[in-house]
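Single-structure report; data block below.
These numbers come from a predicted model, not from an experiment.
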Amino acid sequence: QLVQHIAVNDRKETTGLCTAQAQPPPTASCSSLQPPLPAVHIIVEHCTNNGRCNRKLADSTRWNSRHVTAPCNQLKEVVRHSPKVAHAVQEHCIHMKAGVPRQHQSAVQQHSIHLRWLELSLYALAVGYALASFIRQGISFSAQFDGGGPRHGQLLGLRTGWIAGRSVDLSDIQWRQFREGLPLAAAAMGTYAVFSRLVSSVKPNWQRRFSLAFSAIYLGVLHGATAAFPTLLSVMMFVVSRVTAGSAIGPLCIWAFGCGSLLAARVWDGGSFATFSQHLAPLDAYRGVVRWHIVFNLLLLRLISFGMDLHWARLAARQLAALPDEDGNRSEAGRQLPQPPLMGAADDSLKARGAMAQPLAAYGAAALLEYAFYPPLYLAGPTVTFNCFASQRRSPRAIGAAQVAVYAMRWLTALLLLEGLTHSLYFNAVARFGLPAWRTAAAKGSTAAAAVPPLTPVLAALTGWWVLTFMWLKFTVMWRFFRLAALSAGLDAPENIRRCFANNYDIEGFWRNWHASYNLWLVRYLYVPLGGSRRRALAVWPVFTFVATWHDLEWRLLAWAWLSCLLFAPELGAKWLARQPALSRLRQSRAWRPVCAAGAALNIAGLMGANLAGFVVGPAGLPLLLAELAARPGFVAASLGVFFAAAQLMFWLREREATTGRRVCPVDVLQKEK
């Protein structure tokens, strides 16, 4: 009846549709319908005689006739072809669910909206008060180490700054080196971008030659004579990949050589020429400005990407060769993958490019060296897969000057925020030099312990929060700088930090949005080969162990990784339980959102504990911190309350992103708003 009513009012878009009956036959099938457009989720609400709505979700990736009835099919067709009709469907379902006459529905909706905004305002006030308190206490605590403070000169890692005569926290070696070398790096990246654009417009075939020549000079300045070591390892990986890729032991050999190279570089501290021959010992004096083994972990990702993409390309070529042609014959020509089509605007995404295998001839030595030592992305990333890189070199994406200028402004904004943070809050120096010294003094019972503030939960929370804030801004500035250089040169790379670190309430979302390009790499080359979602609870352990050892060989990082895995298992269990049909009534009730927010609050607390153990107090200081928290139940309760309010705000933000940030069916919008 609903479809018939809509057809009367919108004949042009619903001509030929059948009338939906109130009670659909249980054996109805939708096998004759075509799946909806890719990546479009259409929610169909079928309203029955008793006034209740039965929600069905048709997903293009999981199209199943058993879950969609015939009237729902007809409604789905209406919704898919007409947003205006979809709005009528959602309005009708609202009225049937609420049991409120249409003439009074507007007033009820307004009342509900006002209550919802009042609730969100209270949550925002709670989170805003906590954040303002953290800022006030953080600045007050840091002021004692600044010039004129009672403990001026007692905290290592502070230097004279340029903002209002305040000190600046440069205790982080990575940030200090990047900050000092920023002018030279900007000049080098600008030079490369200008000449790369010039060469690609004048002599496109010379693009690889120019990139390899510039990379040779770039590596010579960075690593000096020791640039021969990463070059040699890259050539060796090329040989291993060409010999073993496509075989049963190919992935094992590629991964074994890559991990063995990383371990050797770390254990032998980059090695030396004297190890090979005393005649080469004088070359050890020319090591450049950056030790090559410090950035070899990023180079390793590109080498493994090349080897695994070649492995899968060969497997795909063999599958094509096994297919018969039009005459039923099997041709050896099928062993060569067809030339990938030029990417159009509709499918021109980095994920699509990364999944598309290149012709086997594209996996050459020169292509590997160009990809491995691409200057804008060599030092810090973001990480681009070989397939995506080779695809963009063949058919570059359209990157305009306006896009580059807007991204440059975003990078400059993040840089200024980081400068303001390091001139006002010195908690990275506190975590690096202060807390270990205080723990040692307190353990020895010396008089020095009384001269500094005790390690209270408030101090640990302040330190953990502002250290994470510093790390978020530091990596945002560094990754955006090099991505900006790549965009200026005509190559697009994934955005790494896609959300603020505080705008995450689960481990899965945190890592998907923190080092996003690395997460995509892990999913493609490690997580999926280990079983993916079918063995998620087991696959996360080797993945997080690799992440910890990839960063550095330290026990605190392993402790952080394994604590994250322990927290990840209950999260997976809770998500699985929440999807069960037995909880369908709870999911539709008003209590569902507070229950989810309470679980998210506990998850946030666990995430903060894992980060405190990994980057602030260390594994040895975690029992002491837990004992202090147990002695202050009020502080724990207040913290969980703030986390609960923050989770509610995050839920609302996700809903708004779904309604305004992506193309979503209006019925889907309604479901999320409800």
Test of ring centre spacing under 6.0 Å for [X] and [Y]:
X: Tyr218; Y: Tyr192; result: no
X: Trp292; Y: Phe296; result: yes
X: Trp255; Y: Phe546; result: yes
X: Phe643; Y: Tyr505; result: no
X: Phe195; Y: Phe214; result: no
X: Trp550; Y: Tyr518; result: yes

Query - Set of residues satisfying side-chain hydrogen bond (donor to acceptor under 3.5 Å, both in side chains) with respect to Arg197, sequence neighbours excluded - result: none
Query - Partner set under side-chain hydrogen bond (donor to acceptor under 3.5 Å, both in side chains) for Arg410, not counting sequence neighbours - result: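 Scan of Arg410 (side-chain hydrogen bond (donor to acceptor under 3.5 Å, both in side chains), adjacent residues dropped) gives none.
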Query - Electrostatic pair Arg512-Asp506, nearest N-O below 4.0 angstrom - result: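 Answer for the salt bridge query: no.
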Report task. Flag the pair Arg498 and Glu657 as a salt bridge only when some basic side-chain nitrogen lies within less than 4.0 angstrom of an acidic carboxylate oxygen. Result -> no
With rounding to the nearest 0.5 angstrom, report the [atom1] to [atom2] distance, [X] to [Y].
X: Phe470; Y: Ser171; atom1: CZ; atom2: OG; answer: 6.5 Å
X: Lys474; Y: Trp175; atom1: NZ; atom2: CH2; answer: 9.5 Å
X: Leu462; Y: Ile135; atom1: CG; atom2: CD1; answer: 11.0 Å

Requested in this report: Verify side-chain hydrogen bond (donor to acceptor under 3.5 Å, both in side chains) between Asp269 and His293, making sure each step is shown before the conclusion.
Outcome: CA-CA 7 Å; Asp269 197 24; His293 65 282; 3.0 Å; yes
Requested in this report: Evaluate side chain to side chain contact (heavy atoms under 4.5 Å, CB included) for Thr226 paired with His223, printing each intermediate quantity in order.
Outcome: CA-CA 6 Å; Thr226 58; His223 305 317; 3.6 Å; yes
Is it true that [Y] and [X] share a donor-acceptor pair across their side chains at a distance under 3.5 Å?
X: Ser196; Y: Gln207; answer: yes
X: Thr545; Y: Trp562; answer: yes
X: Tyr525; Y: Ser305; answer: yes
X: Trp162; Y: Glu419; answer: yes
X: Ser272; Y: Thr275; answer: yes
X: Gln137; Y: Ser133; answer: yes

Query - Criterion side-chain hydrogen bond (donor to acceptor under 3.5 Å, both in side chains) on Asn503 and Arg654, from CA distance to verdict - result: CA-CA 10 Å; Asn503 188 14; Arg654 299 299 188 275; 2.9 Å; yes
Looking at side-chain heavy atoms only, is the closest gap between [X] and [Y] below 4.5 Å?
X: Asn513; Y: Phe501; result: no
X: Tyr407; Y: Arg480; result: yes
X: His515; Y: Val547; result: no
X: Ser234; Y: Phe373; result: yes
X: Tyr378; Y: Leu222; result: yes
X: Arg266; Y: Asp552; result: yes

Compile the donor-acceptor pairs under 3.5 Å between side chains in residues 380-389 and protein atoms, sequence neighbours left out, one pair per line.
residue, atom, partner, partner atom, Å
Thr385, OG1, Cys388, N, 3.3
Asn387, OD1, Tyr363, OH, 2.8
Asn387, ND2, Gly354, O, 3.3

Query raised in the report: Which one of Arg483, Gln392, Gln403 satisfies the side chain to side chain donor-acceptor pair (under 3.5 Å) criterion with Asp492?
Result: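 Testing each of Arg483, Gln392, Gln403 against Asp492, the sole residue satisfying side chain to side chain donor-acceptor pair (under 3.5 Å) is Arg483.
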**Report entry** Plane angle bin for Phe644 and Tyr123 - parallel if under 30°, tilted between 30 and 60°, otherwise perpendicular
**Finding:** perpendicular
**Report entry** Main-chain N/O of Phe273 paired to Asp284 side chain as donor or acceptor, under 3.5 Å
**Finding:** yes
